[in-house]
Amino acid sequence: MEGSGGVAVQDSVKELLLDECYIDFLKEEFDVKTYTAQSIHQAVIVEQLAKLAQGISQLDKELHIQVVARHENLLAQATGIESLEGVLQMMQTRIAALQCTVDRIRGKIVDPYNKIVARTAQLARLQAACDLLRRIIRILYLSKRLQGQLQGGSREITKAAQSLNELGK
């Protein structure tokens, strides 16, 4: 009995939607302000309000019938949504825990890495400084030897030339 009543209501809803009064509402470009202005201009407000009230009533009946007919399915879906929300909450908790673990591991890796990078740069600067010091010491040694050779006179002139050559390198 309820099934045949539902078919009758569905048919009346289809007829209602095909009514010229409701076709405007189904259009993609429906604009409330334009529709209201036209209704006021045509002075058919009472008639249209009555049709709209009838349509709303018919849609309420159809909605009620649909909810009653699918009551069990709707409850099952609502229960499913609640369980999915629980799973989602659990996943969010696990993701937060994983993020915390990743941050902790990152701290254990990044800090030592940054120290290694800083110490490597420091070592490179120390090596460059040591190389400069070795060159300075060599220059000082060669200049002292050259001074001694220059004081030795013409006998030491070839050795002085060699020392000058070494200083030029």
Side-chain angles (χ1 to χ4, degrees), residues 1-42 44-140 169:
M1 185 112 183
E2 188 174 298
S4 64
V7 171
V9 171
Q10 284 179 347
D11 288 341
S12 65
V13 168
K14 287 179 185 176
E15 288 176 26
L16 195 64
L17 292 176
L18 293 176
D19 189 325
E20 193 175 303
C21 179
Y22 301 113
I23 289 178
D24 290 337
F25 293 107
L26 299 175
K27 293 179 181 175
E28 291 278 333
E29 62 277 352
F30 176 74
D31 182 36
V32 175
K33 292 178 181 178
T34 305
Y35 181 80
T36 306
Q38 287 175 352
S39 296
I40 291 172
H41 181 69
Q42 295 172 358
V44 289
I45 297 171
V46 174
E47 180 183 317
Q48 287 185 340
L49 285 176
K51 281 188 175 184
L52 288 174
Q54 178 188 0
I56 289 171
S57 174
Q58 196 67 32
L59 288 173
D60 282 344
K61 287 178 188 174
E62 179 62 23
L63 183 60
H64 178 73
I65 290 169
Q66 294 293 329
V67 169
V68 169
R70 292 172 176 79
H71 177 74
E72 292 298 323
N73 189 17
L74 291 171
L75 284 177
Q77 287 182 7
T79 304
I81 288 172
E82 286 179 9
S83 66
L84 284 176
E85 286 175 345
V87 169
L88 180 62
Q89 182 64 34
M90 182 182 64
M91 293 302 290
Q92 287 174 337
T93 303
R94 287 185 178 174
I95 289 171
L98 281 172
Q99 187 63 43
C100 183
T101 303
V102 166
D103 290 343
R104 191 175 69 244
I105 290 172
R106 184 179 292 135
K108 289 182 177 182
I109 293 172
V110 170
D111 290 342
Y113 171 78
N114 288 338
K115 286 180 183 177
I116 288 171
V117 167
R119 296 291 164 90
T120 303
Q122 185 180 22
L123 179 61
R125 289 190 299 270
L126 280 172
Q127 287 175 337
C130 286
D131 187 45
L132 283 174
L133 284 173
R134 272 194 297 278
R135 289 180 185 187
I136 291 170
I137 291 170
R138 174 92 172 128
I139 290 170
L140 287 174
K169 291 180 185 179

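Nothing here was measured: the structure is a model prediction, and the numbers come from that model.
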(Q) Treating Thr120 as the side-chain partner and Ile116 as the backbone partner, does any N or O pair qualify as donor plus acceptor under 3.5 Å? (A)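 Yes.
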Q.
If we check side chain to side chain contact (heavy atoms under 4.5 Å, CB included) with His71, which of these qualifies: Leu74, Asn73, Leu75, Val68?
A.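 Going through Leu74, Asn73, Leu75, Val68 one by one, the side chain to side chain contact (heavy atoms under 4.5 Å, CB included) with His71 is satisfied by Leu75 alone.
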Roughly how far, to the nearest 0.5 Å, is [atom2] of [Y] from [atom1] of [X]?
| X | Y | atom1 | atom2 | value |
| --- | --- | --- | --- | --- |
| Ser83 | Leu88 | OG | CG | 11.0 Å |
| Leu84 | Gln77 | CG | CD | 11.0 Å |
| Arg135 | Ile139 | CZ | CD1 | 8.5 Å |
| Ile56 | Leu63 | CD1 | CG | 12.5 Å |
| Lys61 | Ser57 | NZ | OG | 4.5 Å |
| Ile65 | Asp60 | CD1 | CG | 11.0 Å |

Q.
Suppose we screen for side chain to side chain contact (heavy atoms under 4.5 Å, CB included). Which residues come up paired with Glu85, at least two apart in sequence or across chains?
A.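 With sequence neighbours excluded, Glu85 shows a side chain to side chain contact (heavy atoms under 4.5 Å, CB included) to Ile81, given in chain and number order.
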Q: With sequence neighbours left out, write down each residue that passes side chain to side chain contact (heavy atoms under 4.5 Å, CB included) with Gln89, or none if nothing qualifies.
A: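 Applying side chain to side chain contact (heavy atoms under 4.5 Å, CB included) to Gln89 gives Gln92, Thr93.
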Q. Are Gln127 and Asp131 linked by a side-chain donor-acceptor pair shorter than 3.5 Å?
A.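 Side-chain D/A pair, Gln127 to Asp131: absent.
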Q: Evaluate whether atom CE of Met90 has more than 12 neighbouring non-hydrogen atoms of other residues, nucleotides or ligands under 6.0 angstrom away.
A: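 Check passes, neighbour count above 12.
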Q.
Between Glu62 and Gln66, is the side-chain hydrogen bond (donor to acceptor under 3.5 Å, both in side chains) condition met? List the steps.
A. CA-CA 6 Å; Glu62 179 62 23; Gln66 294 293 329; 2.5 Å; yes
(Q) Is there a side-chain contact between Arg119 and Leu123 in this structure, where contact means two heavy atoms from C-beta onward sitting under 4.5 Å apart? (A)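 Not touching, per the 4.5 Å side-chain cut-off.
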Q | Taking every non-hydrogen atom, the tightest pair across Gly107 and Pro112 | A |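 That closest heavy-atom pairing would be O-CD, 3.9 Å.
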